[in-house]
Amino acid sequence: MTVEELFSGDGEMAARMRAKDWSATTLGPVEGWPVSLRTIVRVLLHSRHPMFLWWGPELIQFYNDAYVPSFGRGKHPAALGLQGRVSWPEIWPIIGPQINDVMREGKASWNEDQLVPIFRNGRIEDVYWTYGYSPVFDDAGKIGGTLVVCTETTGRILSEQSLRRSEERLRRVVEASGAGTWELDLTTGQLEADARMAALFGLPEAAGFSLPRALERVHPEDRERMRATIDAALAGEQQGRYLVEHRVDVLPGAPPRWVEARGQVCFDGAGKATRFVATALDISERKWAEEEGRRARQELHSFLMQAPLGIAILSGPNHVYTFANPSFMSMLFGGRPVTDLLNKSVREALPELEGQGYHEILDGVYQTGKSFMGAKLRASIVQADGTEREMFVNFTYQAKRNPAGQIDGILAVIYEVTDQVNEQKEIELLAENLRAAIVSRDTFLGVASHELNTPLTTLKLQTQMSQRALARQGFTAFPPGRFEKLLDTTLLQVERLGRLVNDMLDVSRISTGKLTVMLAQTNLSALVSEVLERFAPQFDAAGCRLALDIEDGIALPLDAARIEQVLTNFIINALKYAPGKPVHAKLERRGRRARFSLRDEGIGIPPEHHERIFVRFERATSASEASGLGLGLYISKQIIQGHGGTIAVESAPDRGSTFSFELRPE
């Protein structure tokens with residue numbers, strides 16, 4: 001038989017055997033091989049099952065294409081025609097004795113899933129085999145070789161080992177989790193459950209676990225929902241997956257426990273449910289914690305909603321409102337609904353704050369995480385009706401962090417202190433007024449001392465001079481003319497002193513609310529003419545020409561003495577501040593009202609002093625420029641207002657002054 005005939009075929013090993021120089025081996029040329037060897041080699045080459053042959057005392061190797069993959073990289077193709085011991089040194093201690101048993105005693109062997117580590121792919125690998133060693137006889141009927149029929153099972157063994165490891169890990173995980181498991185064979189109706197499953201449902205042992213008994217322990221409010229979930233899984237919904245949380249009544253009177261049940265329904269090729277595997281885990285602690293968390297959140301929310309402080313939560317770098325309590329809305333956005341704020345940034349919701357510094361403060365807190373506390377800061381806020389309201393607030397911006405410690409928002413707490421600020425301003429104003437009053441009092445006391453002392457000094461001086469004249473000359477020193485002049489001068493100083501004292505008494509009456517106005521029907525025209533005529537000598541002495549425009553017959557209810565007091569104050573001011581200048585007096589009707597005015601052409605009064613001159617102790621000029629207590633116009637205003645009338649001044653520097661009052665009958 002030729003080489004081509006012996007090694008016929010298209011396979012790799014047939015080609016390699018044809019190409020090999022067999023004469024270089026101990027077997028010699030192919031033509032001299034025993035018939036039995038040629039026969040077994042032909043069988044081996046034409047088999048699709050992995051086969052390996054050791055032949056002769058040196059165990060020369062043959063193998064087919066089906067065996068080649070088991071070599072991996074490293075031994076093939078050098079193993080063809082090589083001695084067995086040389087080719088397999090790493091496993092010879094294992095397979096050598098087995099081959100010897102076959103070669104010497106013809107004892108066949110069979111091994112299933114045997115671990116035989118071999119060198120391949122550059123390293124020793126754990127390889128599993130199912131193989132049998134069988135004797136092959138030569139032409140003389142003696143054992144000539146060992147035939148190996150084998151299958152590498154490494155892939156299956158490793159998969160089974162991985163599966164077992166996975167199952168073991170799953171078992172440990174299930175045990176560690178405390179979950180119970182059960183499995184229902186839907187074909188036979190047989191159900192298996194573990195002890196943990198039975199304990200979860202308050203059953204004494206796993207043998208007593210069944211779906212009907214388990215459902216009896218499910219809380220009545222959850223029972224139908226659980227049944228519906230199981231039915232849906234068996235019907236193939238959610239690809240047969242089953243997930244439900246429910247309560248279990250384990251002991252009478254005890255609070256129910258919570259269970260999380262998970263399962264998977266398996267289906268056959270026809271889509272029929274065949275098996276139901278499920279687990280159950282006690283989640284009572286988590287559910288109770290969740291319930292406690294809900295209650296705590298509700299209590300916190302209730303507190304925040306009722307808090308008298310304005311509280312808001314801003315999220316993200318743009319400071320978007322995600323919460324604002326009623327106090328916050330009422331304080332800053334009176335009349336606006338909370339929806340005007342939520343999901344809007346501060347810049348969107350409060351554009352009017354631009355330029356007031358609040359946006360920049362928020363940005364700084366978010367970027368640095370440093371809290372900011374502001375006290376009595378001014379803010380201008382647009383209200384629901386579009387009006388702008390100025391307010392003052394105390395507030396705190398506190399950075400809010402997520403569980404990872406990163407800043408994700410800001411907690412804003414605000415408290416309006418507008419009333420307190422206004423009260424503080426009022427207190428400061430009162431304090432300033434008090435200080436001004438003290439200054440005015442001190443000034444008044446100085447002026448009053450001077451003004452009161454002047455007529456007293458004059459009277460004292462006149463008395464002393466008269467006393468000396470009387471001592472030297474007797475009554476001859478007082479001829480009628482001189483005596484009359486002395487009496488006039490004395491009377492003038494007494495009247496002046498009396499006016500000063502009466503002014504101070506009137507101030508006291510005004511301060512205590514005891515200034516009285518006794519109304520009686522009075523001819524105002526006659527009263528004005530009489531008072532002006534009485535002051536004629538003073539006008540002449542001051543060089544003032546008096547021009548009169550008095551309308552007759554004006555009569556109305558008034559206190560003649562008090563109105564005379566006002567007229568006197570007007571006249572004295574004109575004489576004091578416009579000496580040598582004309583004075584114009586006018587009384588006229590204006591409807592039901594009567595108006596009196598006295599105009600001089602004196603130094604005038606700046607407009608900024610018009611209101612001040614009607615305040616007590618205030619004057620348009622300093623005490624050094626003109627005498628007086630600064631009470632006349634103040635008292636005059638109180639008298640005119642006591643009559644229900646008005647008093648006014650029109651004046652400008654160097655353009656004279658016009659003092660007037662208007663009265664009307666009640």
Side-chain angles (χ1 to χ4, degrees), residues 441-509 527-548 560-562 564-583 585 598 600-603 616-617 619-636:
R441 181 203 64 187
D442 294 342
T443 302
F444 167 73
L445 291 175
V447 172
S449 299
H450 173 74
E451 292 294 328
L452 291 171
N453 196 46
T454 298
L456 289 174
T457 301
T458 301
L459 288 173
K460 181 178 180 181
L461 180 61
Q462 288 178 346
T463 302
Q464 289 174 341
M465 291 174 63
S466 297
Q467 187 179 35
R468 286 195 292 269
L470 182 63
R472 289 195 306 268
Q473 303 176 31
F475 287 105
T476 59
F478 299 98
R482 181 180 177 185
F483 187 71
E484 183 178 0
K485 184 176 181 180
L486 177 62
L487 291 177
D488 288 342
T489 303
T490 301
L491 181 61
L492 181 64
Q493 297 302 326
V494 170
E495 288 178 351
R496 180 181 178 187
L497 184 60
R499 283 197 301 273
L500 292 173
V501 172
N502 286 333
D503 282 350
M504 288 189 288
L505 289 174
D506 282 342
V507 170
S508 176
R509 294 187 187 103
L527 177 63
V528 170
S529 297
E530 179 185 341
V531 173
L532 290 172
E533 183 179 352
R534 190 188 312 146
F535 276 89
Q538 285 88 334
F539 280 112
D540 291 340
C544 295
R545 182 176 58 83
L546 179 64
L548 300 177
R562 291 297 184 186
E564 181 180 344
Q565 191 175 349
V566 175
L567 294 171
T568 300
N569 283 326
F570 280 11
I571 293 169
I572 291 175
N573 281 341
L575 294 172
K576 186 188 301 182
Y577 295 109
K581 301 291 180 68
V583 176
L598 192 71
D600 63 55
E601 298 180 13
I603 60 176
R616 65 179 177 179
F617 310 141
R619 304 185 307 179
T621 60
S622 66
S624 62
E625 295 178 26
S627 62
L629 299 176
L631 294 175
L633 290 176
Y634 168 70
I635 296 172
S636 298

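A pairwise comparison of heavy atoms in Gly580 and Cys544 identifies N-SG, 3.5 Å as the closest pair. Closest approach of Ala560 to Leu527, counting heavy atoms only: O-CD2, 3.8 Å. In terms of heavy atoms, Ala574 sits closest to Asp600 at CA-OD2, 4.0 Å. In terms of heavy-atom proximity, Lys581 sits nearest to Glu601 at NZ-O, 3.5 Å.
Not counting sequence neighbours, the partners of Arg534 by the salt bridge (Lys or Arg N to Asp or Glu O under 4.0 Å) test are Glu530, Glu564.
Between the Asn569 side chain and the Gly632 main chain, a donor and an acceptor come within less than 3.5 Å of each other.
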**Request:** Please lay out, stage by stage, how Ile571 and Phe539 fare under the test side-chain contact (heavy atoms from CB on, under 4.5 Å).
**Result:** CA-CA 9 Å; Ile571 293 169; Phe539 280 112; 3.6 Å; yes
**Message:** Please evaluate residues Leu598 and Asn573 with respect to the criterion side-chain contact (heavy atoms from CB on, under 4.5 Å), reporting the C-alpha separation (whole Å), side-chain torsions for both, the decisive distance (0.1 Å), and the verdict.
**Reply:** CA-CA 10 Å; Leu598 192 71; Asn573 281 341; over 6 Å; no
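Around CD of Gln467, the count of heavy atoms belonging to other residues, nucleotides or ligands within 6.0 Å does not exceed 12.
Taking CG of Leu546 as the reference point, atom CZ of Phe535 lies at 11.5 Å (rounded to 0.5 Å).
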